[in-house]
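Numbers for residues simply follow the sequence, beginning at 1.
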Amino acid sequence: MNVQKQIKEYITSQPEPKRGEMQELHQHILQVMPECKLWFLDGKDDKGKTVSNPNIGYGSYTIIYADGTTREFYQIGLSANTTGISVYIMGIEDKTYLARTYGKKLGKASVTGYCIKFKTLKDINPDILEVAIRSGIEATNK
């Protein structure tokens with residue numbers, strides 16, 4: 001199954017209003033990153049055990065591990081969770097940057113090192129979310 005079909009099935013499997021909001025975010029991220037590589041991770045490890053929520057990825061950057069090994073991964077991620085939606089902004093080295101820079105401006109969102117979690121789009125400022133996403137893209141494209 002191709003990635004676009006997996007993404008469509010994942011989004012349509014969500015209950016409303018989360019489904020509509022995830023579709024809106026998906027389209028918005030594609031507008032910000034029109035030529036990006038798309039990813040779909042089903043949340044299962046190599047043995048088929050569920051280890052995380054499924055997520056959609058956008059873009060590509062190289063993770064460099066402490067031992068010098070590397071791995072390609074997405075820049076921006078989108079996932080449904082039990083209480084709402086999570087947006088992952090990968091590759092920002094300063095783990096306090098997102099919370100410090102966007103935390104108060106975003107609205108009702110929980111902001112950790114690389115994750116912005118919120119219940120519904122109505123709870124956040126979408127313009128600030130877009131700025132945070134763009135800053136993440138810039139950080140990994142250096």
Candidate pair Thr70 and Ile63, rule side-chain contact (heavy atoms from CB on, under 4.5 Å), full reasoning | CA-CA 5 Å; Thr70 61; Ile63 297 173; over 6 Å; no
side-chain contact (heavy atoms from CB on, under 4.5 Å) evaluation trace for Asp127 with Val131 | CA-CA 6 Å; Asp127 295 333; Val131 170; 5.7 Å; no
Under the salt bridge (Lys or Arg N to Asp or Glu O under 4.0 Å) criterion, do Glu138 and Arg134 qualify, and how do the steps go?
-> CA-CA 6 Å; Glu138 288 171 16; Arg134 288 183 186 277; over 6 Å; no
Audit row: Ile29, Ile56, side-chain contact (heavy atoms from CB on, under 4.5 Å) steps and yes/no | CA-CA 11 Å; Ile29 295 168; Ile56 303 165; over 6 Å; no
Between Leu121 and Ile124, does a side-chain contact (heavy atoms from CB on, under 4.5 Å) hold up when you go through it step by step?
-> CA-CA 6 Å; Leu121 280 174; Ile124 64 162; 4.1 Å; yes
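Hydrophobic clustering, with ILVMFWY side chains joined whenever heavy atoms are under 4.5 angstrom apart, groups Ile128 together with Ile76. Taking hydrophobic clusters as Ile, Leu, Val, Met, Phe, Trp and Tyr residues chained together by side-chain heavy-atom distances below 4.5 Å, Tyr61 does not share a cluster with Ile133. Using a 4.5 Å cut-off between side-chain heavy atoms of Ile, Leu, Val, Met, Phe, Trp and Tyr, with links allowed through other members, Tyr65 and Tyr88 fall into the same hydrophobic cluster. Connection of Leu129 to Met90 is not established within any shared hydrophobic cluster, with ILVMFWY side chains joined at heavy-atom distances below 4.5 Å, either directly or through further cluster members. Criterion: ILVMFWY side-chain heavy atoms under 4.5 Å apart, direct or through other members. Under it, Met33 and Leu41 are not part of a common hydrophobic cluster.
A pairwise comparison of heavy atoms in Ser135 and Tyr97 identifies OG-CE2, 3.8 Å as the closest pair. Between Ser79 and Met22, the shortest heavy-atom distance links the atoms C-CE, 4.1 Å. Of all the heavy atoms in Phe40 and Pro54, the pair that sits closest is CZ-CB, 3.9 Å. Between Pro34 and Gln31 the shortest heavy-atom distance is CD-O, 3.5 Å. Nearest heavy-atom pair, Gln4 versus Leu38, reported as atom, atom and distance to 0.1 Å: CG-CD1, 3.9 Å. The shortest non-hydrogen separation linking Ala109 to Ile116 is CB-CG2, 4.1 Å.
Residue-environment remark: CG (Asp46) stays at or below the threshold of 12 foreign heavy atoms within 6.0 Å. For Lys95, the NZ atom counts as densely surrounded, since its 6.0 Å shell holds more than 12 non-hydrogen atoms of other residues, nucleotides or ligands.
A heavy-atom distance below 4.5 Å is not found between the side chains of Ser86 and Tyr114. Taking 4.5 Å as the limit, some side-chain heavy atom of Cys36 sits within range of a side-chain heavy atom of Leu30. Using a 4.5 Å heavy-atom cutoff, the side chains of Glu130 and Val32 are in contact.
A donor-acceptor pair under 3.5 Å links the side-chain atoms of Thr12 to the main chain of Glu9, judged by distance alone.
Atom CG of Asn2 is separated from atom NZ of Lys8 by 11.0 Å, given to the nearest 0.5 angstrom. The CD1 atom of Ile89 sits 5.0 Å away from the CG atom of Leu98 when rounded to the nearest 0.5 Å. Note that OG1 of Thr50 and CG of Asp42 are 7.5 Å apart. Values are rounded to the nearest 0.5 Å. Atoms CZ and OG, from Phe73 and Ser60 in turn, are 10.5 Å apart once rounded to the nearest 0.5 Å.
Of the candidates Glu21, Lys108, Lys18, Thr120 forms a side chain to side chain contact (heavy atoms under 4.5 Å, CB included) with just one, namely Glu21. With respect to Val87, the side chain to side chain contact (heavy atoms under 4.5 Å, CB included) criterion is satisfied by exactly one of Asn55, Val111, Leu78: Leu78.
Looking only at atom types and distance, the side chain of Gln75 has a donor-acceptor partner in the side chain of Asn141 under 3.5 Å away.
Ion pairing between Arg19 and Glu16 holds under the 4.0 Å rule for side-chain N and carboxylate O.
By the 30° and 60° cut-offs, the orientation of the rings of Trp39 relative to Tyr74 is perpendicular. Between Tyr58 and His26, the two ring planes are tilted [angle within 30° to 60°].
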